[in-house]
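For reference, the structure discussed in these notes is given below.
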Amino acid sequence: MTLGIAGCGSGGASSNASDPDPAATAECTKAVDTYFTSHPDEPTALPTSFTPLSKPPTPGGRIITVASGSVPSMMVSANEQAKAAAAIGWTHQTIAYDGTVTDANAKLEQAIAERPTVVAIAGVPPAAMQQPIASAQAAGVVLSLSGVTEAPSTFPGYAAASQGPDTQEAAGERNAYLALKASGCNANVLVLSAPVQTLKPTTDKFQSVLKQLCPQCKSSYSEIQFADIGSPAATSKAVSALQVDPSIKYVYAAFANLVNGLQSALDQAGIDGVTVFGTTPDVQAMAALKSSKNPGWWVTVSAELDGWFTVDAALRALDKKGPVFTGAYPVGVLTKANAPASSDDIPSFPTNFRELLTTLWTPAV
């Protein structure tokens, strides 16, 4: 499928970061065109690194997910982990925490004390949870972390990890090339993220690709606190940045929850011609994608994928009886052209990833 993103020929003046150098623009455009010949927006298979387990998981397992109630994508991931557990006949429970590291540690200890097979959490680096890691190791519990950079090193304990730097960097790279394509290699981008170390690989990769391929492009970086997500504090921060620098015509969100309500705030402020895009779309992002006058795109490192691959990493650690850090999983793209009719329907790619993973988990023996 061809990406439904406008190139630089239309509306170039509205997205200019600076006066473009024709030679640099031509070189950048060539690199962008080459990139998209080998990066489809709708992957149809899992990477070959995902192989069948040696045997089906032991019956009667239980997963407890510790998730921040203030981050919708984390709760979606937790719900998907429940589906993944059910697919292999296991049970699942979610324990919410308030978004702080202190409460994450407390809830992890609570979960580990129940001695499930697996305890899962996303976005909290191992260095910030040393006591729960020790407790899990002593209790014989596998900790499965998502969105981290430090590899697991023990079994049991911190034995499983997914959505590492390779996945995050792939998403950042894809967004950079999409921004270059949309702007004609002449973009000024506001990068929005949250104060979480594990989001740095995606935003760093985005900015480095932009800088490497497009000397005239610009980007600025800003963080939104978890407690402010979806509130006027978050949207006003973005609006203020655009008011200070009207040449910013692109807003990149490390995950879609960061820009909930932004389109309405831009309309109220009388700011138009801004393209919003990013990673891990939610319902609001999909609705805005279809209604916006300047539709962007969303790279599908989705919460649904995160949930199933978090379970996948844990099952592989249990199968190996050793630490496992799974590789990058498929990165797709949703645009106005291929978005489903319903905003509630947010596809991940490959679209049958649940069935593909379940088949890998339940090999014939």
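- Here the two rings, on Y329 and F50, have centers that are 6.0 Å apart or farther.
- Taking CD of E169 as the reference point, atom CG of D204 lies at 8.5 Å (rounded to 0.5 Å).
- Counting only distance, with no hydrogens or angles, the side chain of T280 and the backbone of V301 share a donor-acceptor pair below 3.5 Å.
- A distance-only check finds no donor-acceptor pair linking the side chain of W298 to the backbone of F255 [under 3.5 Å].
- In this structure, the side chains of L108 and Y97 stay at 4.5 Å or more apart for every pair of heavy atoms.
- Note that K320 lies outside the cation-pi zone of F155, set by a 6.0 Å cut-off to the ring centre and a 45° limit from the axis.
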List the steps, then state whether disulfide bond (SG atoms under 2.5 Å apart) holds for C28 with C185.
CA-CA 6 Å; C28 174; C185 292; 2.1 Å; yes
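- Side-chain contact check for L258 versus I229: some heavy-atom pair is nearer than 4.5 Å.
- Evaluation of the salt bridge (charged side-chain N to carboxylate O under 4.0 Å, His left out) rule for D33 yields no partner, not counting sequence neighbours.
- K211 contributes no side-chain N or O that, together with a main-chain N or O of S219, makes up a donor-acceptor pair within less than 3.5 Å.
- Both tests do not hold together for K205 against Y252: distance to the six-membered ring centre under 6.0 Å, angle to the ring axis within 45°.
- Not counting sequence neighbours, the partners of T100 by the side chain to side chain donor-acceptor pair (under 3.5 Å) test are D98.
- Side-chain atoms of S144 never come within 3.5 Å of backbone atoms of V311 as a donor-acceptor pair (strictly under, hydrogens ignored).
- When atom types are taken as modelled, the side chain of T202 and the backbone of L199 share no donor-acceptor pair closer than 3.5 angstrom.
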Between S247 and D245, does the side-chain hydrogen bond (donor to acceptor under 3.5 Å, both in side chains) criterion hold? Intermediate values first, please.
CA-CA 5 Å; S247 73; D245 185 357; 2.6 Å; yes
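- Put simply, the side chain of N186 never gets that close to the backbone of S183: no donor and acceptor are under 3.5 Å apart.
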Side chain to side chain contact (heavy atoms under 4.5 Å, CB included) between S193 and Y221, intermediate numbers included:
CA-CA 8 Å; S193 190; Y221 179 89; 3.5 Å; yes
For R316 and L360, what are the C-alpha separation, side-chain angles and deciding distance, and is it a side chain to side chain contact (heavy atoms under 4.5 Å, CB included)?
CA-CA 10 Å; R316 293 181 185 282; L360 293 179; 3.9 Å; yes
